[in-house]
Structures are given as structure tokens and as C-alpha cells.
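Single-structure report; data block below.
Residue indices begin at 1 and follow the sequence shown.
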Amino acid sequence: MHSHLHTPYNINCEEIMTALDECHARGFIHKALGNCNDIKRDVNRCLAGERYARAKRNRDDAREKRKRIEKIWADERAAATGVSTTTATTDGEKQ
């Protein structure tokens, strides 16, 4: 069993998924003889591309969030030690 394919995440693959549904609707024999295999491969290729793009966006968002969090942590460490991040020298002494 597979999850429902017609979701907002897969909107760019809607046309090819509809073509696969129509091919499957032609009947079991049509499907069993492999007449829908090319369309199925196209659906898989499209869904994989969508999944890859979604994963890339998620990774990029996570990296940005991590940068913001690390900056906050650095500011908090600097405040706890009394060192300003804007006035600190390279060896950690106050100016």
C-alpha cells in the first residue's frame, strides 16, 4: 500500500499521476500486461524530484535556524563571561 499521492506537496506531478490513474482504470489486464509501466516510471521520477526539492528546502531552513541559534548561544556565552562580541579581540581580551 502506498500513501495518497494527490497532495499539495506533489502538485507539480498532478498531471502525470492523473494519467496513471486513467491507465489503471482501463482494467486489470491492461495494467497487468505492463501498458502502464512507462507512466509509472514517470510518476516515480517526478515524485522523487519533488521529494528531493522538499528535502533540500528543509535542510537549507534547518541550517539557517542553526546559524541563528548558534549566534544566540555565542551572545549568551559572551554576556555570561562579560565579553562583548563586538568589542572582543581575537585572543578573547576586552579592549
Side-chain angles (χ1 to χ4, degrees):
M1 238 15 205
H2 58 78
S3 61
H4 189 65
L5 297 177
H6 298 274
T7 63
Y9 296 116
N10 302 326
I11 196 73
N12 294 331
C13 301
E14 187 74 28
E15 185 178 317
I16 192 78
M17 289 187 297
T18 302
L20 181 63
D21 290 341
E22 290 170 359
C23 185
H24 285 176
R26 290 183 186 165
F28 174 77
I29 297 296
H30 185 76
K31 184 170 63 170
L33 292 175
N35 294 323
C36 300
N37 289 351
D38 291 337
I39 298 171
K40 174 66 175 162
R41 277 191 281 278
D42 292 341
V43 168
N44 288 343
R45 194 174 302 120
C46 182
L47 293 176
E50 290 294 311
R51 186 174 51 250
Y52 176 79
R54 190 169 53 250
K56 183 177 181 336
R57 281 192 309 271
N58 289 342
R59 272 192 308 276
D60 293 343
D61 290 346
R63 284 186 183 121
E64 289 301 317
K65 288 178 185 176
R66 180 67 185 205
K67 285 180 186 177
R68 285 196 310 268
I69 289 170
E70 287 181 355
K71 182 181 181 321
I72 291 169
W73 288 343
D75 292 345
E76 288 177 356
R77 277 193 303 272
T81 60
V83 177
S84 172
T85 56
T86 57
T87 61
T89 60
T90 57
D91 58 357
E93 297 176 7
K94 288 185 182 178
Q95 289 184 357

Under the side chain to side chain contact (heavy atoms under 4.5 Å, CB included) test, residues paired with Asn44 that sit two or more places apart: Lys40

side-chain hydrogen bond (donor to acceptor under 3.5 Å, both in side chains) involving Arg51 - partner list, sequence neighbours excluded: none

All N/O donor-acceptor pairs, side-chain side in residues 54-62, below 3.5 Å, sequence neighbours left out:
| residue | atom | partner | partner atom | Å |
| --- | --- | --- | --- | --- |
| Lys56 | NZ | Asp60 | OD2 | 3.2 |
| Asn58 | ND2 | Arg54 | O | 3.4 |

Atom pair NZ (Lys71) and CD (Glu76), whose distance is rounded to the nearest 0.5 Å: 11.0 Å

Atom pair CG/NZ of Asn37 and Lys31 - distance to nearest 0.5 Å: 11.0 Å

Do any side-chain atoms of residues 13-25 form donor-acceptor pairs under 3.5 angstrom with protein atoms, and if so which ones, sequence neighbours left out?
| residue | atom | partner | partner atom | Å |
| --- | --- | --- | --- | --- |
| Glu14 | OE1 | His6 | ND1 | 3.4 |
| Glu14 | OE2 | His6 | ND1 | 2.8 |
| Thr18 | OG1 | Glu14 | O | 2.8 |
| Asp21 | OD2 | His6 | NE2 | 3.0 |

For Asn12, all residues meeting side-chain hydrogen bond (donor to acceptor under 3.5 Å, both in side chains), sequence neighbours excluded: Glu50

Transitive ILVMFWY cluster of Trp73, excluding itself - 4.5 Å side-chain cut-off: Ile69

Straight-line distance of Arg63 CZ to Glu70 CD, nearest 0.5 Å: 12.5 Å

Path from Leu47 to Tyr52 over hydrophobic side-chain contacts below 4.5 Å: no

